[in-house]
Amino acid sequence: MRSFRKRVLVTGGAGFLGSHLCERLLAADCEVLCVDNFFTGSRDNIVHLMGNPYFEVIRHDVTFPLYLEVDAIYNLACPASPVHYQHDPVQTTKTSVHGAINMLGLAKRLRAPILQASTSEIYGDPSVHPQPEEYWGNVNTIGPRACYDEGKRCAETLFFDYKRQFDLPIKVVRIFNTYGPRMHPNDGRVVSNFIVQALKGEPITLYGDGSQTRSFCFVDDLIEGFLRFMDTPPEVTGPLNLGNPGEFTIAELAEKVIRLTGSRSELVYLPLPQDDPKQRRPDITKARNLLDWEPTIQLEEGLERTIAYFRRLLDA
Ligand code: NAD
Ligand code: UDP
């Protein structure tokens with residue numbers, strides 16, 4: 001017999017964000033179907049959920065169709081770190097585009113609301129600062145980041161075409177750099193790189209002169225935003241920026257990580273990767289108004305929690 005619980009599909013559920021989302025949905029009495037091909041995700045991220053009878057793991061690649069019965073879909077499947085999404089760029093575009101088509105097709109058959117994990121990368125190297133949702137972006141279509149940026153842009157197009165053509169209840173969230181426990185220690189993103197390097201006493205790798213900026217959101221704040229967004233009426237589609245508007249240079253981040261870890265690591269300067277955005281900060285006015293949401297965990301507190309996680313991981 002069908003349980004009373006809401007059945008929710010999370011693609012990319014074994015990844016960093018996906019595993020936190022699965023956990024929150026289970027805590028909210030949902031039945032969770034976690035779909036993942038384990039490209040960048042790991043069973044370690046979800047092993048603590050596996051004893052829960054309302055949690056199910058399905059190994060599947062979203063570039064292939066999927067037939068399931070669910071009440072809501074969160075589409076997170078896609079590598080997020082530049083190192084990983086550039087490793088097999090063709091597969092990255094396929095994951096974003098074919099994955100969106102397959103998950104939208106599933107949502108259409110089920111008439112289920114579907115949330116897309118889009119990204120601040122759709123703004124490219126932005127010439128408008130901070131970035132509001134109305135800004136169309138500045139993306140190099142043929143550069144090394146394009147497989148991700150253009151894949152995610154095309155996915156947004158598909159979501160809005162499914163809305164216009166089939167009146168599908170869609171939600172598109174543009175996520176700005178999010179960090180926290182369960183980031184992969186080798187995934188190449190700046191927060192995990194710096195913390196792991198600092199804890200191991202290895203050189204901290206600053207790309208460029210470290211003057212480029214990012215805005216870092218702690219994972220718990222982001223997931224709260226996801227849940228509130230999914231709860232909005234069908235006409236609320238986004239795109240909606242979610243992120244922490246606190247903006248820091250990468251050199252400032254390195255200084256904070258060194259101080260909070262008490263590390264003796266030195267800085268090394270390496271070349272800035274091609275098309276690396278010079279600045280990034282979300283305008284979250286819409287999220288504040290629509291969801292009554294804003295981040296509650298500021299950078300130093302979030303870093304302390306993330307450092308504690310990596311300390312345990314490296315000591316294990
Ligand atoms: P992650 O790499 O930890 O998680 C991605 C998950 O998707 C992994 O578990 C991976 O194995 C899975 N996956 C990849 N390709 C797949 C495929 N073809 N089929 C099935 N599963 C597949 O990254 P994350 O930080 O958790 O990001 C999750 C989502 O959020 C991604 O869509 C990413 O683009 C988006 N996002 C994240 C950030 C961030 O700062 N963390 C920022 C912007 C957007
Ligand atoms: N970065 C760095 N050292 C590293 C990893 C990243 O200086 O070891 C820089 C990178 O060039 C970028 C910023 O940190 O300017 C954020 O990089 P990340 O890969 O985390 O995310 P994204 O560029 O997608 O925002």
Side-chain angles (χ1 to χ4, degrees), residues 10-12 15-18 20-21 73-82 85 92-93 95-97 99-100 103-104 113-140 145-163 169-180 189 213-219 221-232 236-247 275 277-295:
V10 179
T11 77
F16 161 50
L17 297 181
H20 286 274
L21 177 61
I73 302 170
Y74 289 83
N75 186 35
L76 272 63
C78 186
S81 146
Y85 70 64
T92 299
T93 302
T95 294
S96 280
V97 177
M103 293 310 114
L104 284 162
I114 177 166
L115 180 145
Q116 166 68 357
S118 191
T119 167
S120 53
E121 277 286 314
I122 68 103
Y123 300 123
D125 188 6
S127 49
V128 171
H129 194 71
Q131 293 80 55
E133 288 85 349
E134 291 74 24
Y135 177 50
W136 288 356
N138 176 34
V139 171
N140 175 2
R145 296 175 87 100
C147 58
Y148 183 74
D149 301 8
E150 296 294 0
K152 290 283 189 178
R153 286 171 70 95
C154 183
E156 286 202 5
T157 307
L158 285 160
F159 269 71
F160 278 85
D161 282 336
Y162 269 74
K163 170 75 187 167
I170 62 153
K171 313 272 177 205
V172 173
V173 48
R174 292 182 180 154
I175 306 164
F176 283 66
N177 297 62
T178 300
Y179 69 99
R189 281 181 277 190
T213 68
R214 293 293 187 273
S215 301
F216 299 100
C217 184
F218 190 68
V219 58
D221 282 330
L222 183 85
I223 301 299
E224 178 64 31
F226 276 16
L227 299 179
R228 290 192 194 191
F229 192 18
M230 192 54 119
D231 268 353
T232 55
V236 182
T237 59
L240 189 70
N241 288 341
L242 288 183
N244 190 323
E247 183 182 1
D275 298 336
K278 285 183 274 308
Q279 54 182 0
R280 186 182 283 159
R281 170 154 60 106
D283 178 335
I284 60 163
T285 310
K286 283 203 171 62
R288 279 197 177 104
N289 292 339
L290 278 170
L291 311 181
D292 190 24
W293 174 91
E294 64 181 1

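If you read the sequence from its start, that first residue is 1, and numbering goes on from there.
Every residue meeting the side chain to side chain contact (heavy atoms under 4.5 Å, CB included) condition with T232, not counting sequence neighbours, appears here in chain and number order: K171, F229, V236, L291. The side chain to side chain donor-acceptor pair (under 3.5 Å) check on E156 picks up S118, R174, with sequence neighbours excluded. By the side chain to side chain contact (heavy atoms under 4.5 Å, CB included) test, P277 is found to be paired with E121, D125, P126, R145, R214, R280, residues two or more places apart in sequence or in another chain being considered. Shown here are the ring-ring contact (aromatic ring centres under 6.0 Å, His included) partners of F226, two or more places apart in sequence or in another chain: there are none. Remark: R281 pairs with E247 by the salt bridge (Lys or Arg N to Asp or Glu O under 4.0 Å) rule, at least two apart or across chains. Partners of D221 according to the salt bridge (Lys or Arg N to Asp or Glu O under 4.0 Å) rule, which considers only residues two or more places apart in sequence or in another chain, do not exist here. Applying the ring-ring contact (aromatic ring centres under 6.0 Å, His included) test to Y179 and every residue at least two apart in sequence or in another chain returns F218. Remark: D231 engages no residue in a side chain to side chain contact (heavy atoms under 4.5 Å, CB included) (not counting sequence neighbours). Every residue two or more places apart in sequence or in another chain was checked for a side chain to side chain donor-acceptor pair (under 3.5 Å) with T157, and none qualifies. Y74 meets the side chain to side chain donor-acceptor pair (under 3.5 Å) test with no other residue; sequence neighbours excluded. Taking Y162 as the reference, nothing meets the side chain to side chain donor-acceptor pair (under 3.5 Å) condition, with sequence neighbours excluded. Every side chain to side chain contact (heavy atoms under 4.5 Å, CB included) that S81 has, sequence neighbours left out, goes to V83, H84, D187, R189.
Closest approach of I223 and L17 over heavy atoms only: CD1-O, 3.8 Å. Across all non-hydrogen atoms, the minimal contact from N140 to A146 is O-CB, 3.4 Å. Taking every heavy atom of both residues into account, A100 and A155 meet most closely at CB-CB, 4.0 Å. Shortest non-hydrogen contact noted between L240 and A287 is CD1-N, 3.6 Å. Across all their heavy atoms, G243 and I284 have their closest contact at O-CG2, 3.6 Å.
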Take V139 and E150 through the side-chain contact (heavy atoms from CB on, under 4.5 Å) test and state the conclusion after the steps. CA-CA 8 Å; V139 171; E150 296 294 0; 3.4 Å; yes

With side-chain contact (heavy atoms from CB on, under 4.5 Å) as the test, would you mind laying out the steps for F216 and N177 before giving the verdict? CA-CA 5 Å; F216 299 100; N177 297 62; 4.0 Å; yes

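Distance check, rounded to the nearest 0.5 Å: CD1 of I122 to CD of E133 gives 9.5 Å. To the nearest 0.5 Å, atoms CZ (F176) and CG (L242) are separated by 9.5 Å. Within the model, atoms SG of C217 and CD of E294 stand 11.0 Å from one another, a figure rounded to the nearest 0.5 Å. Distance check: L21 CG to L227 CG gives 6.0 Å after rounding to the nearest 0.5 Å. To the nearest 0.5 angstrom, W293 atom CH2 is 6.5 Å from L222 atom CG. Atom NE2 of H129 and atom OH of Y135 lie 11.5 Å apart (nearest 0.5 Å).
The closest side-chain heavy-atom distance from F159 to T237 is not below 4.5 Å. With a 4.5 Å cut-off on side-chain heavy atoms, P282 and S215 count as touching.
Residue D292 places its CG atom among 12 or fewer non-hydrogen atoms of other residues, nucleotides or ligands, all under 6.0 Å distant.
A donor-acceptor pair is defined here as one N or O able to donate and one able to accept, closer than 3.5 Å; such a pair exists between the side chain of N241 and the backbone of Q131. For T93 (side chain) and C147 (main-chain N/O), a donor-acceptor pair under 3.5 Å exists by modelled atom type. At least one donor-acceptor pair under 3.5 Å links the side chain of T92 to the backbone N or O of Y85.
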